[in-house]
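Worksheet: one structure, shown below.
As the structure lists them, so they are numbered: ligands from 1, and atoms in each ligand from 1. Because only heavy atoms are used, hydrogens play no part in the values below, and waters and symmetry mates are left out as well, while side chains stay in. If you read the sequence from its start, that first residue is 1, and numbering goes on from there. What you see is a predicted model, and the numbers here were worked out from it, not measured in a lab.
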Amino acid sequence: MQGKDLLSCVEQGLAACELDPSFLAIGLGALPNSDGEVELDAAIMDGRDLSAGAACAVRNIVPVISLARKVKEKTPHVMLAGDQAKRFAIEQGFEPRNLMTAENIRRYDEWRAGRTEKQYVHAAGEAYEHRGDTVTLLGLEDGHTVAGCSTSGIAWKAPGRVGDSPIVGAGLYADDEVGSAGATGLGEELWKACASFRAVELMRGGKSPQEACEAVARQMIRRQPAASSMACVVFALAKNGEFGAATTTAEFPLWICRDGRSEMRVYKGLDG
Ligand code: GLY
């Protein structure tokens, strides 16, 4: 935050998480897909002009949030995918690297042990083992807002599977006229709900951030049976600094950092 613009703060916050191999959630050392490869998704959106950049299903490139920012700033596009996103990253000076570590290899081997080849090669056809990790950051400074998120998606996912996180409107949304919103949890359901866009539009219509998040989560519980099978979380930050969060199920820890001080709040599932 020292002298940097808000976009860089959000990017660097996520990049720091991605580059920490002891943090199994995103980036280097994250839990891989069913082939044992880490595939990453990320996006960043600037509320000033709704400009956004995203990268999805990218292997061997970290921080993928910085690649998303390059897509936003160096191309006329919003998203690049897969090996072509990796090619663009290399053109932009990223060095490909092995994202597997002793710990995520150990966890992958544990998952695969006892499974037939058909079970892990065709894991896409199975119910997901519901564990996934995402970090989503909403930043606000003097009424200006930026949203960013980075994920390795659902652990042991089908190769090529992409969830809500890199999708503008699903995993994140930012509009300086209103504020921003972000999501974490089961990407298929959050995407179908257009969770982040909906939260921002409910705030535009007059709801507080807490009311908006609860309305999104309650509608998901009502309309989407799978939304209670794993946490689907939406959180929102209004341009006046008010914030809120809601989760369909389970518990969700939200970290709030204001004027250099951090606190955590736990939100309980609305299905309880
Ligand atoms: N929310 C992360 C994912 O489902 O990919």
Side-chain angles (χ1 to χ4, degrees), residues 10 14 17-18 23-27 29-35 37-45 52 54-59 61-65 67-68 79-82 85 99 104 111 123-124 126-138 147-174 180-199 213 216-217 220 224-236 245-255 267 269:
V10 169
L14 288 166
C17 297
E18 283 193 46
F23 190 51
L24 295 178
I26 65 176
L31 295 178
N33 65 18
S34 63
D35 281 347
E37 289 188 305
V38 176
E39 265 183 9
L40 300 173
D41 308 323
I44 193 158
M45 183 169 192
C56 70
V58 184
R59 291 175 292 168
I61 298 291
V62 281
V64 72
I65 188 65
L67 177 58
M79 178 182 276
L80 294 179
L99 302 182
N104 66 358
W111 173 75
E126 296 178 30
Y128 285 123
E129 202 177 306
H130 279 165
R131 52 178 306 170
D133 285 297
T134 303
V135 181
T136 304
L137 292 185
L138 305 178
C149 64
S150 177
T151 192
S152 53
I154 301 281
W156 335 129
K157 65 190 177 183
R161 175 269 186 191
V162 175
D164 61 309
S165 301
I167 308 299
V168 168
L172 75 173
Y173 200 75
S180 54
T184 83
L186 184 52
E188 281 74 9
E189 300 307 317
L190 290 159
W191 189 346
K192 286 184 267 182
C194 299
S196 297
F197 179 69
R198 186 174 285 166
C213 292
V216 173
M220 290 181 73
Q224 297 170 243
S228 293
S229 65
M230 178 177 153
C232 292
V233 180
V234 59
F235 46 98
T247 175
T248 53
T249 193
E251 288 190 348
F252 171 68
L254 179 78
W255 282 91
Y267 292 80

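- S196 contributes a side-chain N or O that, together with a main-chain N or O of L172, makes up a donor-acceptor pair within less than 3.5 Å.
- Atoms of ligand 1 found under 4.0 Å from any heavy atom of G163 (numbered from 1 in listed order, with element): 5 (O).
- In this pair, W156 and W111 present their aromatic rings parallel. The plane angle is below 30°, not in the 30 to 60° band.
- Heavy-atom proximity to T151, at under 4.0 Å, picks out these atoms of ligand 1: 2 (C).
- Counting heavy atoms closer than 4.0 Å to ligand 1, residue K157 contributes nothing at all.
- Here the heavy atom of the protein found nearest to atom 5 (O) of ligand 1 is R161 NH1, 2.7 Å.
- The only member of C17, C149, S165 that meets side chain to side chain contact (heavy atoms under 4.5 Å, CB included) when paired with I26 is C17.
- Side-chain atoms of S152 never come within 3.5 Å of backbone atoms of P32 as a donor-acceptor pair (strictly under, hydrogens ignored).
- Proximity to D164 (heavy-atom distance under 4.0 Å) selects the following atoms of ligand 1: 1 (N), 2 (C), 3 (C), 4 (O).
- Using a 4.0 Å cut-off between charged nitrogen and carboxylate oxygen, E39 and R161 do not count as a salt-bridge pair.
- Atoms of ligand 1 found under 4.0 Å from any heavy atom of S165, numbered from 1 in the order shown, are 1 (N), 2 (C).
- Not one N or O of G153 is nearer than 3.5 Å to an N or O of ligand 1, by distance alone.
- At the shortest separation from atom 2 (C) of ligand 1 among protein heavy atoms lies T134 OG1, 3.1 Å.
- F235 contributes atom CZ, which lies 5.0 Å from atom CZ of F252 (distance to the nearest 0.5 angstrom).
- The structure places CG of N33 at 8.0 Å from CZ of R59, a figure rounded to the nearest 0.5 Å.
- Close approach to G185 involves these atoms of ligand 1, each under 4.0 Å from a residue heavy atom: 1 (N), 2 (C), 3 (C), 4 (O).
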